[in-house]
Number of protein chains: 2
Amino acid sequence: MQQDFLNELAELALGSRLKRMSERMLASTSDVYQEFSMNINPKWFTLMALLDVKDSNKQVLTIVEASNLLGLSQPALSQFSKQLQNEKLIKIVIDQSDSRKRVLSLTPKGRVRVQEMKPIWDAVQQAAVDLCTEHNNDFYRSLLKLEKSFSSESLLTRTRRYLDQTAIQAQVMIKPFEPALAHHFETINKEWIDDMFVLETIDKQVLEDPQSHIINQGGKIWFAEHPTLGIVGTCAFWNKGDNSFELTKMGVLKSARGLKVGEILLQHVLDEAKSLGIKKLFLLTNAKCESAIHLYEKNGFIHDNTIMQDYGQNYARCNVAMLYTGLITDVTMPLPKQ
Amino acid sequence: MQQDFLNELAELALGSRLKRMSERMLASTSDVYQEFSMNINPKWFTLMALLDVKDSNKQVLTIVEASNLLGLSQPALSQFSKQLQNEKLIKIVIDQSDSRKRVLSLTPKGRVRVQEMKPIWDAVQQAAVDLCTEHNNDFYRSLLKLEKSFSSESLLTRTRRYLDQTAIQAQVMIKPFEPALAHHFETINKEWIDDMFVLETIDKQVLEDPQSHIINQGGKIWFAEHPTLGIVGTCAFWNKGDNSFELTKMGVLKSARGLKVGEILLQHVLDEAKSLGIKKLFLLTNAKCESAIHLYEKNGFIHDNTIMQDYGQNYARCNVAMLYTGLITDVTMPLPKQ
DNA sequence: ACTTATTATATAAGTGGTTATGTAAAATGC
DNA sequence: GCATTTTACATAACCACTTATATAATAAGT
């Protein structure tokens, strides 16, 4: 037996490695079914187990529901259900209130089969725990963490951070508001607000009609356009009267992370603030948004409690207020430290 | 977005979970290549990387070698090579000294492509490390441990331990030596000796011809036959003269672990020892063989240093000697504690 | 009310492998 | 030295899904 080249590639080959491991694992469980001559296809396992749970809770299950719960495609579940129906292990009936839906449920034969399999499932479960915890390991927990990390940010956007993207960044264009781009204002901001907080009513109104809520009130909106990804970022100045503005609704699509779009966008709008002769520019945010706050700090914003007192009530989620110090204004304003 | 039912199944769905994770991972790396418009199929990655290493070490690579090093099937590598040849990234030539072999190597174009990809590989590597270590995790190491655990014993044989197999165990038959079964004596013992130690010359001779080395010398050999798996275990008595025997070459195939074949076999041969009127039965082994020693202890063997002094020199690997206490013999022999 | 968009499903085609099998060359056994 | 076994590879068939697409039913927008 030769060596394993994937070891040399280390984390770089993580995907291939996981694939290989999952194939071995699934082959092994398939062996288990075969050894105990369960006339069952291992790929049906998750669906059977899910139907069993639904069955004992007297709930029903449709194909799309199953595909969401199991993380498989809808055609996959469509196929599995048909196969299980052919084996007379489940029955598929058309939903009464919505004739598009197919309601899946175990047949009596299916229920018996599930009961026969349960001791085997238990044994596999114990054997898997064995495998996961051997050599002082805790593989299962480690995998859960990886899943969490992966869903919080994919490998693609993480990769961007480690690549020199200067050339592409130079091609990111900042565009002023135009009605045709208004929908991007909504989708981009919804993505991150939904992700971190709950959309407040005031948000919804502004996002759905930025024209009347921001532009027509003397505010400004900009968009960041990436050469291949399209509009990926946005940001607004909300007119608070007396030549004061709130920097708000600044967001960059998840799919464009790692490209420093936020930085380019912020630097652009701060330059605009200067050339527009704005007197006061501030923002409200939440301590949760660490990386955003770091970006603001890096670009001349300082924490300021008087702002919090004056405007902080507008949003439930705000507990951080910041003031921009890069404007040429009266000398009572503090200047950023060099 | 609905919940994830795989969470409810916990370790039981480990295979499906790994599969899902590997698919996401590979899709993400595929996105990376696409974003940086590398005209390359992600599935070729491991082969390209391997060819690059071989190239810079001025070594060559054949298809079977590649499939071993990468843990993929030979047809897979056969296909990949053809595809890479069509892309003019590698060239395939017939080996001069063995015309069955195909020698793979990078073309100049292939070398250029690899160099173009290297910065991306580096970035992906760093991003993957990121992913693996986030939230105080160490996923990569945990996966390596799992691979080790899995290759030391598969899920199937681990599962057996947690299932009630009384019925099947009752069907395990113990058969005496017959020439037609002699090859099992070699394969079964070779498996575990190769795995734990190095085959000594004395082993080889005995294993290759048990008839003349054991049977014709007044010794005994038995085989354990499983109803579906066939001959899975063996064990011998080596005649040391003066009605004394060494229990030796006891082994059970890896693929039959967890079925308690060893226990059934040992109990059978100890019964035979009694009915044959044997005066002294001992064995030599190594402290590494913990589970075997535990089995011997459970069945009436005790540790005995005089045996070690008398016979221990025969094998380099022996550092544990045990004596069977279940024989009806003179009263100077110690009896097992109840 | 009438178009328009969305949702649930089925079907077809594609993908990235696998196992099974065939063929020729080389190695081994006697 | 010749038959037998093993090895290297190619090809075919299969597998467990996937994506893409079509169709019908329902919901939403005006």
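Order of the sequence lines sets the chain letters (A, B, ...), proteins ahead of strands, with each chain counted from 1. Side-chain atoms are counted along with the backbone in the values below, which use heavy atoms only and exclude waters and symmetry mates.
As rounded to whole Å, 13 Å separates atom C1' of D:dT19 from atom CD of B:Q34. Rounding to whole angstrom units, NZ of residue A:K82 and C1' of C:dA8 are separated by 14 Å. Following rounding to the nearest Å, A:I94 (CD1) and D:dT26 (P) show an atom-to-atom distance of 10 Å. Atom CG in B:N68 sits about 11 Å away from atom P in D:dT7, given to the nearest Å. Taking atom CD of B:Q85 as the reference point, atom P of D:dA10 lies 9 Å away to the nearest angstrom. In this structure, A:Q83 places its CD atom 12 Å from P of C:dA10, rounding to the nearest Å. Computed from coordinates, the B:R20 CZ to D:dT18 P distance equals 11 Å when rounded to whole Å. Spacing between atom CD1 of B:I63 and atom P of D:dT11 amounts to 10 Å, rounded to whole angstrom units.
Atom CZ of B:R113 and atom CD of B:E87 lie 7.5 Å apart (nearest 0.5 Å). A:L89 CG to A:M48 CE: the interatomic distance, rounded to the nearest 0.5 Å, is 5.0 Å. Annotation: the span from B:E8 atom CD to A:T46 atom OG1 amounts to 12.5 Å, rounded to 0.5 Å. Taking CD1 of B:I221 as the start and CD1 of B:I214 as the end, the distance is 4.5 Å to the nearest 0.5 Å.
In this structure, A:S67 contributes its side chain and A:S73 its backbone to no donor-acceptor pair below 3.5 Å. Within the 3.5 Å criterion, the main-chain N or O of A:I63 finds no donor-acceptor partner in the side chain of A:R102.
Listed in residue order, the members of residues 96-105 of chain A having a heavy atom less than 4.0 Å from DNA chain C are A:R100, A:K101, A:R102.
Residues A:Y33 and A:N41 fail the side-chain proximity criterion, which asks for heavy atoms closer than 4.5 Å. Side-chain contact between A:N7 and B:L144 is present, with heavy atoms from C-beta onward closer than 4.5 Å. B:F139 places none of its side-chain heavy atoms less than 4.5 Å from the side chain of A:S149.
Within the structure, every side-chain polar atom (N or O) of B:S78 is placed at least 4.0 Å from both OP1 and OP2 of D:dC9.
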Response to the item:
Letter by letter from the 5' end, nucleotides 13-21 of chain C scores (B base, S sugar-phosphate only, - none; protein heavy atoms under 4.0 Å) ---SBBBB-

